[in-house]
Amino acid sequence: TSYSRVVTIYFDADKTNIQVYPNPVADGMMNVKMDKAAMIEMYNNAGILVLRKMLYAGNSVIDVRSFNKGNYILKANAEVIKVIIP
């Protein structure tokens with residue numbers, strides 16, 4: 001038996017540090033706060049892409065009033081957040 005040395009790998013370079021509020025979304029307006037710019041993608045429950053948008057660092061407001069009610073997945077780089085539109 002032989003052992004190799006343990007190596008730690010960090011993937012923080014891809015982290016966007018994204019926050020979505022309010023969640024569940026209120027009044028059809030979703031606030032997205034990010035530490036750095038990233039392309040976001042939002043998918044519905046069927047896995048269909050419903051939104052792709054470049055957002056910059058800071059706070060952005062996205063109008064989702066035209067979206068159907070339900071659960072969505074918001075992706076930004078390596079981060080994934082579940083969003084509820086009531």
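All residue numbers refer to positions in the sequence shown, counting from 1.
- Counting non-hydrogen atoms of neighbouring residues, nucleotides and ligands closer than 6.0 angstrom, the CG atom of Asn68 reaches no more than 12 such neighbours.
- Asn44 places a side-chain N or O within donor-acceptor distance of the main-chain N or O of Ala46, the cut-off being under 3.5 Å.
- What you find for Ala76 and Met34 is that their closest heavy atoms are CB-SD, 4.4 Å.
- Tracing side-chain contacts under 4.5 Å through hydrophobic residues (I, L, V, M, F, W, Y), one reaches Val50 starting from Ile18; they form part of the same cluster.
- Here the side chains of Lys82 and Val20 are not in contact, with every heavy-atom distance at 4.5 Å or above.
- Scanning all heavy atoms of the two residues, the minimum distance from Ala38 to Asn77 falls at CB-ND2, 3.9 Å.
- Under the 4.5 Å side-chain criterion, counting only non-hydrogen atoms from C-beta, Leu49 is not in contact with Met42.
- Hydrophobic clustering places Met30 together with Ile81 (ILVMFWY residues linked when any side-chain heavy atoms are closer than 4.5 Å, directly or through intermediates).
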For residues 51-60, tabulate all N or O donor-acceptor pairs below 3.5 Å that involve a side-chain atom, not counting sequence neighbours.
residue	atom	partner	partner atom	Å
Arg52	NE	Glu41	OE2	3.0
Arg52	NH2	Glu41	OE2	2.7
Asn59	OD1	Tyr21	OH	3.0

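- Leu74 and Val64 fall within a single hydrophobic cluster, where Ile, Leu, Val, Met, Phe, Trp and Tyr side chains are chained together by heavy-atom contacts under 4.5 Å.
- Evaluation of the ring-ring contact (aromatic ring centres under 6.0 Å, His included) test over residues 61-86, restricted to residues two or more places apart or in two chains, returns Phe67-Tyr72.
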Would you please test Met29 and Ile62 for side chain to side chain contact (heavy atoms under 4.5 Å, CB included) and show each step? CA-CA 6 Å; Met29 302 306 261; Ile62 299 174; over 6 Å; no
